[in-house]
Structure formats: C-alpha cells, structure tokens
There are 2 protein chains.
Amino acid sequence: MAAANETAAQRSRHDPAGYRLEPQIGYVLRRAHQRATQIFNSVMGEFKVTPTQFAALAKLDDVGRVSQNELGRLTAMDPATIWGVVSRLLKQGYVVQSTDPNDARLVMLELTETGREAIDRMKAVAAEVSRETLAPLTEEESRKLLDLLSRIGS
Amino acid sequence: MAAANETAAQRSRHDPAGYRLEPQIGYVLRRAHQRATQIFNSVMGEFKVTPTQFAALAKLDDVGRVSQNELGRLTAMDPATIWGVVSRLLKQGYVVQSTDPNDARLVMLELTETGREAIDRMKAVAAEVSRETLAPLTEEESRKLLDLLSRIGS
DNA sequence: TATTGTTATACTCTATAACTATA
DNA sequence: TATAGTTATAGAGTATAACAATA
C-alpha cells in the first residue's frame, strides 16, 4: 500500500493512485461526446450531414439570412471552423452566399430551397438522437445533466 | 402564435418552437467538451501535448508495456486514432516501439525515460484542469455530473 | 488606429473502409 | 475466420496569420 512519504515519481508507475484518467471530467466528456456523435450518425446517416453541419442548417432555418461569422457565434464555432462547415454546405447546395450592401466585409448566408427541404426532414427525426443518447437516464436525470453541462459549457 | 393544425414545414421557418438546437444533449456536450479542451490547453500548454496524447501517456505510465490497439481500447480511441496519436508521441521521443515474440502482428509500446519524466510533470498539474473545468459547480454537482456522463458515455 | 470578417494554412482528432499480415 | 495493424480519405476543431473593410 502507498506510504505517505513516497514521491510522486515512485507512486505513479504501475500504481495509478496518484492520478486516474477515467474519472477526469475531460476524459468523460470526450467519451460521452463520442457516443452522442455515433448515435447522431446512426440516426441521421441517410442525410449525409455531420452534427456541426446540422447545427448550422438548423440555426440558419431559424434565423434566416445571417453573416457567416454570426452563424458561427450562434452555433459555437470559431471563424475558421464555421468557414469549413459552410464551404461543405455550399458544395452540397444547401446554402447560398450573397453580399451585404451596407458592409462589404460580410458574407451573408441563406438556405436554398433544397436546404429548406433537407432541414425540414432532418428536424423531423433529430429529436430521436437526443432521446437515444439520454436513454440510460431518467427524465429528471436528463434535465439535471443538461443543466450541469450548460453551466460548464462556454 | 402557433396554430395546432399548421404543418412542420410552415412552423419551422423563423419559429424555432418545433426544434431548438440549444437544449439538445449533443450540442451541449460539444460546447462543454470545447471548454474542457481550452482549459486543458491553457493549463498544460507548456508540455505541448493534446488531451488524447496526455491520455495515452498517462495510461502507458499506469500499465507499462502494452500493444498499440490495446492502448487505444484503454483510452477510448479506435485503431486509426490511436495510430495517429502514437506516431506523434514517437516523433516527440516519449514512446518506443518493440515487437512481441509471441505475436508478430503486435506493436508493443513503452514510455521512454523522457516520456516518464514528462508524464510525471504533467500529472502533477493535470488535476488543475479538472478543477478549473468544474469550477462553476459545487463538489456534489461535480460528482453527479461525472456519474451521469459516465452512464451515457460508451 | 483598432476592430471585425473572411480566407488560408497547418496540425490534430475522429470515423470508416480497404488492405495486409498473422493467429 | 478473426484479430491486429496500417493506410487513405473526409470532416471537424483549433490556432495562427494575412488581408480587406469598417468604425
């Protein structure tokens, strides 16, 4: 058993008592996020979109015409990330770009008719992703988890 | 206000009542994981390792000599992911490969002396990452969150 | 001048699939 | 056949830098 006066270096090898990976919040978050992504892919597979692409489409459907960086802020993606996501949505024909007459820096985005049809069909089944991800928990536990997560999320 | 007989397509545009992104578990998980990663990088920045590289080093420190895919299973990474992580750890000189005399398919991994020194120093501050990530919560809430997350994580 | 938006590049992580080698 | 490892491809996320436009 661990003596009180052994050093960290002595204790760490083959004795994880000093630091265990499994109960760390970052590790558990990565695993939970992994499983949520897997469920998203299995439920939404037919639509050929990723979770972030779906988030961008859903938000664009809610707010209508919006600039690229503003869409990123609304979906928790930095400018570089939203740029990559939007360029793939453009390639799929779900989104079109235009300019803002009042501010030449802005790239304004809107859903195409194809994009509107697609996000309608996606939203109809998207709730199933959350339901399946939270299946191991009771409803009250699920609410508690969402509350705690939103309090540690940026 | 929303009439009971309007269709999903009519309701979805500019009226997010039918499906909101923000309270979905996958979205909240992504944001929480984002913040945990940012805190990891700010606390562990001096060591020039990523969260998954740290996980692999910490586990390797605990279990000693182990095959590459087994290390992946122990740290929740699939073969392609652990392959990329290990190849970067090899480049940094933290890990060495060897063969298994009983099974020529296996690539066995071990920490180098440099790797052992590095992971010792990392473990000494790694707890600060979890502390800071969970700072918005009480201790009891933190325990509850870890419990709920581990139950929905693969 | 300082800030904002966009684009570009580089690196890492994740997942799937195809492939080789071994058991 | 089943498993282990490797490789290719694609998307996502992050960081950084460069540049244009705006305040």
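Reminder, nothing fancy here: chain letters follow the sequence lines and each chain counts from 1.
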Contact check, residues 85-97 of chain B vs DNA chain C, heavy-atom distance under 4.0 Å, returns V85(B), R88(B)
Which part of the nucleic acid, if any, lies within contact of T81(A), taking any heavy atom under 4.0 Å across all strands shown: a base, the sugar-phosphate backbone alone, or nothing? base
Between E22(A) and K59(B), is there a side-chain heavy-atom distance shorter than 4.5 Å? yes
Ion pair R143(A)/D147(A), N-O distance below 4.0 Å: no
State whether the number of non-hydrogen atoms from other residues, nucleotides or ligands found under 6.0 Å of E113(B) atom CD is greater than 12. yes
Taking C-beta and beyond as the side chain, do Q97(A) and L90(A) meet within less than 4.5 Å on heavy atoms? yes
Pick base, sugar-phosphate or nothing for Q38(B), based on heavy-atom distances below 4.0 Å to the nucleic acid. nothing
Just compare dG5(D), dT7(C), dG13(D) and give me whichever is closest to any side-chain atom of V107(A). dT7(C)
Look at all strands and tell whether N41(A) reaches a base, only sugar-phosphate, or nothing, counting heavy atoms closer than 4.0 Å. nothing
Is the F54(A) to Y19(B) ring centre distance short of 6.0 Å? yes
Hey, does T37(A) reach any base, or is it just sugar-phosphate, or nothing, if we go heavy atoms under 4.0 Å? nothing
No-hydrogen, no-angle side-chain donor-acceptor test under 3.5 Å, S67(B) and R105(B): no
Taking only the side-chain heavy atoms of W83(B) (C-beta and beyond), determine which of dT7(D), dA15(C), dA20(D) contains the nearest atom. dT7(D)
Rounded distance (Å) that lies between atom P of dT16(C) and atom CG of D78(B): 7 Å
Please determine, for the side chain of Q68(A), which listed nucleotide (dA23(C), dG13(D), dT7(C)) has the closest atom? dT7(C)
Nearest of dA23(C), dG5(C), dA21(D) to any side-chain atom of R73(A)? dG5(C)
If each of N102(A) and L106(B) is mapped to the nucleotide of DNA chain D with the nearest heavy atom, which maps nearer the 5' terminus, i.e. the 5' end? L106(B)
E70(A) near the nucleic acid: base, sugar-phosphate alone, or nothing, with a heavy-atom cut-off under 4.0 Å? nothing
Would you indicate which nucleotide in dG13(D), dG5(D), dT7(C) comes nearest to any side-chain atom of P79(A)? dT7(C)
Identify whether any heavy atom of A80(B) sits under 4.0 Å from a base atom; if not, whether one sits that close to sugar-phosphate; answer base, sugar-phosphate or nothing. base
